[in-house]
Every structure is written in C-alpha cells, then in structure tokens.
Novice: 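This is the structure I have questions about; it appears just below.
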Amino acid sequence: MDKLILTCAVTGSATVPTQSPYIPISPEQIAADALACAELGASAIHIHARDPKNGKPSADPRLMKQIAQTIKAKSEVIVGISTGGGIGMTPAERLEPARICEPELASFNLGTMNFSLHTAARHFAQEDYLYDWEEEHLKGSKRFIFRNTFEDMELFAQTMKAKNIKPEFEAYDLGHLHNLKFLEKTGFAEPPYWIQFVLGVLGGLSASPESLVMMVQTANQLFGKEHYRFSVIGVGYPMQFRLAATALAMGGHVRVGLEDNIFIRRGQLASNSQMVEKVLRLAQELERELASPSEARALLGLKGLSAVAY
Ligand code: KMH
Ligand code: ZN
C-alpha cells in the first residue's frame, strides 16, 4: 500500500469569508496556511487565489504566482494550482495561472456539471454577509454551469502537456471517468493517472462510501488498478473525514481543507491545520505512513520544483 499523499486545499473558490473566519484570503494568509500544513506533514497543497480586499475568488495570475513563490521559498511541499478558478471565470482565465506558473501539478476538471452552493445561503440573512459579493455568489450558483467541454479539456490537456504539468484529474461523477477514458483514446491523456474523486458537490455524486466504491470499481474497469492512483475529497462535514478514513483503509489518498469543508466537528469551525491534524490522527490509528513531498513526487512522477516557472 502506498504511503499516504495528503493534500490540503486551503481556500478554494466556493466558500465565502462569512462562512468561516479561518478561510485564508490574502496571498500572505493563503501561503501561511499552506506552510503550516506542510510543516504538519501535508505532501501537497492545492491553491486558489482570492482578492485580498474582499476575499472574492480571483483569476489574477499574479496573486497565484505570489502564493506559489511564497510557499516555494520556505518549503519543498508540492504546490497544485487550480484551473477550476471560480464562478464566472472563462476556461481560458481559469487556465492562465497554471499556464504562467508551470507548476508540477494542476487540477483538470473532467466534465461540465451543475456546481451549486445555494443551500449554504440558508444559514445567513442579508445583513450577515461581510462583503457585498457573497450572497449572490451563493444564491446565484443555482444558475452556475461549471463548464468543462471536450474542447476546453483538449486545451487544458495540450497546455499542461506542453508545460510538463501533471494533471490532477477532478472526477465528480462516474461519467467523468468515462470522459478521461475518451481523452486517453483520443491522445489527450496518458496513464498513470492521479485522480481526485470529489464526492458531495451538489451536481455531482453524493459523499458516501457507496459512491466511492462505484468510482473505484469504474476506474479499475476503465484504467486498471495499476494505471492510476486515487485521492478522495469528501465535501462537507462529517463526510470529509469519514471518506478520508475510508480512503485510508482502501489504500487511497486524502484531500482535506477549507476549500471543501469548514467544520472539524459538528458545528465547530476550524482551521486548515486542525483539519490536517485530524487526518494525521486517523492515519496514525490506521497505520498509514505519510509520504514526504519527495516521496509523493516519485509516486506521481512530478517534474520537480526546479522546473516550475515561479
Ligand atoms: N471552483 C470550483 C467550481 C478545481 O480547483 O479545479 C471547482 C474547483 C476545482 O475549484
Ligand atoms: Zn480547487
């Protein structure tokens, strides 16, 4: 069984600052959370950028570069740059930070889908919001179509191949794995794959052990067990940690962090570090050793920090 590749997604673009005071907003705060999680033992950090003035998800590649540079200056941790961007960003805008920074790893979303956050709005009255963009961000996501057409995916694949960026494939549903198989057959993807099974997004598969087993069985049929590694993202509480425990037991890998969940216990908000510490405790009890960043690089076949452009 592989050593555990533990990823922390420290901020994302779905949650809004009003939901938790622990969500890092500025490049300095995002990098500081990343470094704290790396210090605890995270093998990789998945980063998004936000406008430091109001926490709104940002496509500004300069912000992402600043975050990546700050992390690289103080840690060997793997930095995965999001190409998921945020609501309202075009595929080209989403791809730009990775195109410029040429990271070792970047997310690659495997299909168009509904990706709605509107249920989170039920917890807040209009006067509760800290910033004027947040309520529409949550409520308006009922109309959001997270676009990843085959044409978009070919562009992402070509760009990442040209820059020697390893795609972190984000699969939210079974059909997304079939899309990856099509990309393989048409020459836009080649194994071994690094796949995040993202479970619990409203618009994708539910966050349940049954969903995880279906994803694993489908990936085994399509690619063969020896031709991919999977990590699990459980969206929301308690499934972030219950699916983490399931993944640990199955020999898979784990992603936690405030991009996908804001609670450490029912009703208790927490920081990225506290999320990482909770998974470390689970891994320790299940005797899954942690992969260091260099061990994770070897498992994933990454190009190394000397080859990035930030
Ligand atoms: N921003 C979400 C719509 C990724 O990082 O590639 C999806 C997302 C996934 O953020
Ligand atoms: Zn993301």
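Counting starts at 1 for both ligands and their atoms, following the listed order.
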Novice: Please state whether E259 comes within less than 4.0 angstrom of ligand 1, counting heavy atoms only.
Specialist: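 Per 4.0 Å heavy-atom rule, E259 contacts ligand 1.
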Novice: Considering only heavy atoms of H46, which atoms of ligand 1 have at least one such atom less than 4.0 Å away?
Specialist: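 Answer for ligand 1: 5 (O).
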Novice: What is the closest protein heavy atom to atom 6 (O) of ligand 1, and at what distance does it sit?
Specialist: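 Protein heavy atom at minimum distance: S107 OG, 2.6 Å.
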Novice: Using the benzene-type ring in the case of Trp, are the ring centres of Y228 and Y193 under 6.0 Å apart?
Specialist: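 Ring centres of Y193 and Y228 not closer than 6.0 Å.
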Novice: Has ligand 1 got any nitrogen or oxygen that is less than 3.5 angstrom from a nitrogen or oxygen of G84?
Specialist: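 Such a contact does occur with ligand 1.
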Novice: Please list, in number order, the atoms of ligand 1 under 4.0 Å from a heavy atom of G85.
Specialist: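 Checking each atom against G85, I get 1 (N).
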Novice: I need the nearest protein heavy-atom contact for atom 9 (C) of ligand 1: residue, atom name and distance, please.
Specialist: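 It is Y172 OH, 3.4 Å.
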Novice: Ring-plane angle category for Y172 and H176, please: parallel below 30°, perpendicular beyond 60°, tilted otherwise.
Specialist: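 Rings of Y172 and H176: perpendicular, as their planes differ by over 60°.
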Novice: Tell me whether the guanidinium CZ or amine NZ of K181 lies under 6.0 angstrom from the six-membered ring centre of F223 and within 45° of its axis.
Specialist: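 The answer is no; the distance or angle limit is not met.
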Novice: At what distance is the nearest protein heavy atom to atom 1 (N) of ligand 1, and which residue and atom is it?
Specialist: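 Of the protein heavy atoms, S13 OG, 2.7 Å lies nearest.
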Novice: What angle sits at the Zn ion (ligand 2) between NE2 of H48 and NE2 of H46, to 10°?
Specialist: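 Between NE2 of H46 and NE2 of H48, the angle at the Zn ion (ligand 2) is about 100°.
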Novice: Would you indicate which of G80, P57, S82, G12 comes nearest to atom 5 (O) of ligand 1 when only heavy atoms are counted?
Specialist: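 Checking each option, the heavy atom nearest atom 5 (O) of ligand 1 is found in S82.
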Novice: Can we call the ring centroids of F188 and F150 under 6.0 Å apart?
Specialist: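 That pair fails the under 6.0 Å test.
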Novice: Any side-chain to backbone donor/acceptor pair from N148 onto G111? Under 3.5 Å, distance only.
Specialist: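 Looks like yes, one N/O pair under 3.5 Å.
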Novice: The Zn ion (ligand 2) is nearest to which N, O or S atom of E259?
Specialist: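 In E259, the N, O or S atom with the shortest distance to the Zn ion (ligand 2) is OE2.
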Novice: Quick one: does S43's side chain have a donor or acceptor within less than 3.5 Å of a partner on P293's backbone?
Specialist: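 No; zero donor-acceptor contacts below 3.5 Å.
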Novice: Suppose we measure from atom 10 (O) of ligand 1 to each protein heavy atom; which comes out shortest, and what is that distance?
Specialist: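 Result: H48 CE1, 2.9 Å.
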Novice: Can you name the atoms of ligand 1, numbered from 1 with element, that are less than 4.0 Å from a heavy atom of N109?
Specialist: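 It comes down to these atoms of ligand 1: 4 (C), 6 (O), 9 (C).
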Novice: Counting only N and O atoms by type, is there a donor-acceptor contact under 3.5 Å from the side chain of R255 to the main-chain atoms of S231?
Specialist: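 Here the side-chain-to-backbone pair does not exist.
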Novice: Picking from K72, K163, E102, what satisfies side chain to side chain contact (heavy atoms under 4.5 Å, CB included) with V308?
Specialist: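 Only one of K72, K163, E102 forms a side chain to side chain contact (heavy atoms under 4.5 Å, CB included) with V308, namely K72.
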